[in-house]
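Letters A, B, ... mirror the listed sequences (proteins, then strands); counts begin at 1.
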2 protein chains.
Amino acid sequence: MPTIKDVAERAGVSVTTVSRVLNNRGYISEATRKKVYKAMEELDYQPNEVARSLFRKRSNIIGLIVPTVAHPFFAELTAYVETYAYSRGYKVLICNSQLDASKEQEYIWMLRRNQVDGIIMASHTLEVEEYRKLNLPVVTFERFISSRIPYVTSDNYQGGKLAVELLLARGCTKIAHMCGSLHLDMLANQRHRAFMDVAESRNVPFFTVETDINVFEIDKYEQMLLALLTEHPDIDGLFLNSDIMAIAAMKVCRKLGRRVPEDVKIIGYDDVSMASLVSPQITTIRQPLAEMSKLSVKLIENMVEGRPVEVENCLPVELVERETT
Amino acid sequence: MPTIKDVAERAGVSVTTVSRVLNNRGYISEATRKKVYKAMEELDYQPNEVARSLFRKRSNIIGLIVPTVAHPFFAELTAYVETYAYSRGYKVLICNSQLDASKEQEYIWMLRRNQVDGIIMASHTLEVEEYRKLNLPVVTFERFISSRIPYVTSDNYQGGKLAVELLLARGCTKIAHMCGSLHLDMLANQRHRAFMDVAESRNVPFFTVETDINVFEIDKYEQMLLALLTEHPDIDGLFLNSDIMAIAAMKVCRKLGRRVPEDVKIIGYDDVSMASLVSPQITTIRQPLAEMSKLSVKLIENMVEGRPVEVENCLPVELVERETT
DNA sequence: AGGCTTGTGTCAACCGGTTAACATACCTTT
DNA sequence: AAAGGTATGTTAACCGGTTGACACAAGCCT
């Protein structure tokens, strides 16, 4: 691989001059500039970002930790984050934690060793202390860790509220909410809070199904839903914490001969592409994933540049009514 | 951030000794080794991989270029590649080309500047010349570029054959295949070759629908399928080049009142998780994505280590019959 | 004529870590 | 006693690029 020395020789100038041209610093005549660019092209030279990173103490890399990028939500999140980050001059190292705390810790250490400029954490939270020691810009996604770590979230309470109110507006009289483990202090728990608040205020009987924190297995969702709907065949409204869970619910309903939305109305969450792809198309609470992703990157960038940032970054959600309600 | 110098001072040894301990090279007494590790822990020191990369001329980074990681197939591919690569000591830079040739070229340059050890290319191919100039291990995914660039693929012809034969075995008398643009020299075109060969050999009328190369828009799939099935209402078998297309086909059938599989039998491709999640569950040709991903990483690793590799790496496919046939 | 600006080169140090060569000291074995 | 092995330190160079300080030359303006 050609180096700056090769370019200098080819152009007949000094290494310092080539560096001046590369960085557009100092006095440079047009003739010299052209000569240097010509040499770079002839040698097919591109500056070594590793060497530059070492000197500048900045890698222009963002680490993105997700539970698994195979999950449609995190797949779309990753696509938005990378697309926007790249447009801002950043590269994205993707890490799949599989919701394993020790693996998450390993990734954090790896990202630290690789001098990433910042980390977008969309996975399980470690102890607060681990983040404090990082000395590195961190933005969490739908997770509150401490009042010193910025996080991007959407209005989860409003999302839960919109969902339950629609179920009730559509005539549901017995509803259920499937969510993650409520023992984990996640911002998404507010959806459940809203679910309960509204159901209780309207005297509507409700059930809660908590999936195990470490399970992304669709089979599990289906088993739990099957058990729920078998035990309570009069449940006529389901609110699920993701579109994927909603799809699983549709499948279980079909298996039980329960028509959607005639017999059971279903509302998912996120509004991933799959929600409008399947039939019937899923009514869902849309999180502004593109905006949230862009905001995550912006927060990292601001922190890297030393600009002040808000700790809480909450975006509005939107009810997207389709065919399952 | 603490450096090796800080560790040396804290441990009361030389930088060279710390380096000897870090790399387990040269004579080192147990007492000194303990002392150094203790200092590293006390200072929360981790070696700077950027500095190491510069010296070793190796970054342990693999660049993965996909059309978009938001697409379920590429999401799962990315998850497998990253998971396996990480277990082998590699980090993965994710790049979404959006099937834009100029963006693809930009990413290749970026990855080159960042001294990645290799590139797994799962996106649109550039001109062969661009790859030859790279001087860097490249493995393509489902794409043949030249006899000097290894590629990982599955038995596309067999996949097409299995699909059509199943359609015919299930009594289909008029079938259609939806695939990408056949003008692009893709290995997946062999599925269509098999589709035609079998249909022709059995005197079964068939149609082909080519999606525009640069479209991942589900709406387009639906429009094309709607037009096809409206114009040819007697088509009773559909073979589609991805499970996502298959889901779109199911949706269109539902819209037209065509029951699946009673009126129209559907076979997808890939066997992404979604294929078994939706209802009815999709019959599909399963590509061994986990193995293909692992193989991609192994090929990169072998090329990096200077070991000989096969150019053609073709894995078998498998018919997974579910509810749409 | 002198001062200022433009343009380029030289030199050295640095970013963090690696490593070869050699020096020194101590211990063990022949 | 001598040779070889163990253990640690010193020195210097390197990986590729950046950059400040200064030198030197040429041209322009006051």
Side-chain angles (χ1 to χ4, degrees), chain A residues 1-40 43-61 109-117 135-136, chain B residues 1-40 43-61 109-117 135-136:
Chain A
M1 276 266 288
T3 72
I4 196 169
K5 290 196 182 84
D6 302 313
V7 175
E9 274 186 41
R10 172 65 72 102
V13 298
S14 71
V15 165
T16 302
T17 296
V18 177
S19 185
R20 284 181 179 133
V21 172
L22 275 175
N23 297 287
N24 204 26
R25 287 177 76 259
Y27 297 111
I28 314 159
S29 73
E30 265 318 296
T32 296
R33 193 189 298 274
K34 280 186 169 64
K35 225 169 25 175
V36 169
Y37 276 120
K38 185 164 177 285
M40 288 185 203
L43 293 170
D44 195 25
Y45 166 83
Q46 285 182 306
N48 183 324
E49 291 293 339
V50 175
R52 283 177 149 181
S53 293
L54 183 60
F55 173 76
R56 289 173 174 160
K57 293 174 182 278
R58 184 161 307 176
S59 61
N60 286 84
I61 294 181
W109 285 334
M110 177 275 280
L111 293 173
R112 188 166 176 248
R113 291 198 298 278
N114 284 269
Q115 310 297 301
V116 300
D117 290 4
N135 194 29
L136 183 57
Chain B
M1 274 266 288
T3 71
I4 197 168
K5 288 193 183 85
D6 302 313
V7 175
E9 276 187 40
R10 170 64 73 102
V13 298
S14 72
V15 165
T16 301
T17 296
V18 177
S19 185
R20 284 182 179 130
V21 172
L22 276 174
N23 298 285
N24 203 25
R25 289 175 76 259
Y27 297 111
I28 314 160
S29 72
E30 266 318 295
T32 296
R33 191 189 298 273
K34 281 187 170 61
K35 224 168 29 177
V36 170
Y37 275 119
K38 186 163 177 284
M40 288 186 206
L43 293 169
D44 195 27
Y45 166 82
Q46 285 182 304
N48 183 324
E49 291 292 337
V50 174
R52 284 177 149 180
S53 294
L54 182 59
F55 173 77
R56 289 173 173 158
K57 294 174 181 276
R58 184 165 304 177
S59 62
N60 284 84
I61 295 180
W109 285 334
M110 178 275 279
L111 292 173
R112 186 163 177 255
R113 288 196 300 277
N114 284 269
Q115 310 297 301
V116 300
D117 290 4
N135 194 28
L136 181 57

Please produce a list of atom pairs where a protein N or O lies less than 3.5 Å from an N or O of nucleotides 19-21 of chain D.
residue: dG20(D); atom: OP1; partner: R25(A); partner atom: NH2; Å: 3.3
residue: dG20(D); atom: OP2; partner: R25(A); partner atom: NH2; Å: 2.5

What's the [atom1]-[atom2] distance between [X] and [N], to the nearest Å?
| X | N | atom1 | atom2 | answer |
| --- | --- | --- | --- | --- |
| N48(A) | dC15(C) | CG | P | 18 Å |
| K5(B) | dG17(C) | NZ | P | 8 Å |
| K34(B) | dT8(D) | NZ | P | 12 Å |
| M1(A) | dG17(D) | CE | C1' | 13 Å |
| R52(A) | dG16(C) | CZ | C1' | 19 Å |
| I28(B) | dT8(D) | CD1 | P | 8 Å |
| R113(B) | dG17(D) | CZ | P | 12 Å |
| E30(A) | dT8(C) | CD | P | 10 Å |

By nearest nucleotide on DNA chain C, pick out whichever of L22(B) and G26(A) is the more 5' one.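 Looking at the nearest nucleotide for each, G26(A) comes out on the 5' side.
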Inset, instruction - May I ask you to evaluate whether K57(B) reaches the phosphate of dC14(D), defined as a side-chain N or O under 4.0 Å from OP1 or OP2? - result: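 Negative; the distance criterion is not met.
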With a cut-off of less than 4.0 Å, is there a side-chain N or O of S53(A) near OP1 or OP2 of dC15(C)?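 Indeed not, no polar side-chain atom of S53(A) lies that close.
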* Is R52(A) close to N23(A) at the side-chain level, that is, under 4.5 Å between some pair of heavy atoms? ->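 Heavy-atom side-chain distance check passes, below 4.5 Å.
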With side chains defined as the heavy atoms from C-beta onward, is the minimum distance between M110(A) and N60(B) less than 4.5 Å?
->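 No; the side chains remain at least 4.5 Å from each other.
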Starting at the 5' end of DNA chain D, which residue's closest nucleotide do you reach first, L54(B) or Y27(B)?
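Nearest-nucleotide comparison on DNA chain D picks Y27(B).
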Going through the distances and angles, do Q115(B) and M1(A) end up as a side-chain contact (heavy atoms from CB on, under 4.5 Å)? CA-CA 10 Å; Q115(B) 310 297 301; M1(A) 276 266 288; 3.5 Å; yes
Residue pairs fulfilling salt bridge (Lys or Arg N to Asp or Glu O under 4.0 Å) with at least one residue in residues 3-18 of chain A, sequence neighbours excluded: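 Output for this query lists R10(A)-E42(A).
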Provide the full list of salt bridge (Lys or Arg N to Asp or Glu O under 4.0 Å) pairs with a residue in residues 25-34 of chain A, sequence neighbours left out, each pair given once.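 Residue pairs with at least one partner in residues 25-34 of chain A: E30(A)-R33(A), E30(A)-K34(A).
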- T17(A) side chain: which of dG17(D), dG9(D), dT8(C) is closest?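 The nucleotide sitting nearest to the side chain is dT8(C).
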Measuring from S53(A):OG to D117(A):CG, what's the distance to the nearest 0.5 Å?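 So the gap between those two atoms works out to 8.0 Å.
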Mind listing the closest non-hydrogen atom pair of T3(A) and Y45(A) along with its distance?
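Distance-wise, the nearest heavy atoms are C-CE1, 3.5 Å.
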- Query: Is S29(A) touching bases, backbone alone, or none of the nucleic acid, heavy atoms closer than 4.0 Å?
  - Reply: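 Answer is sugar-phosphate: S29(A) comes under 4.0 Å of backbone atoms only.
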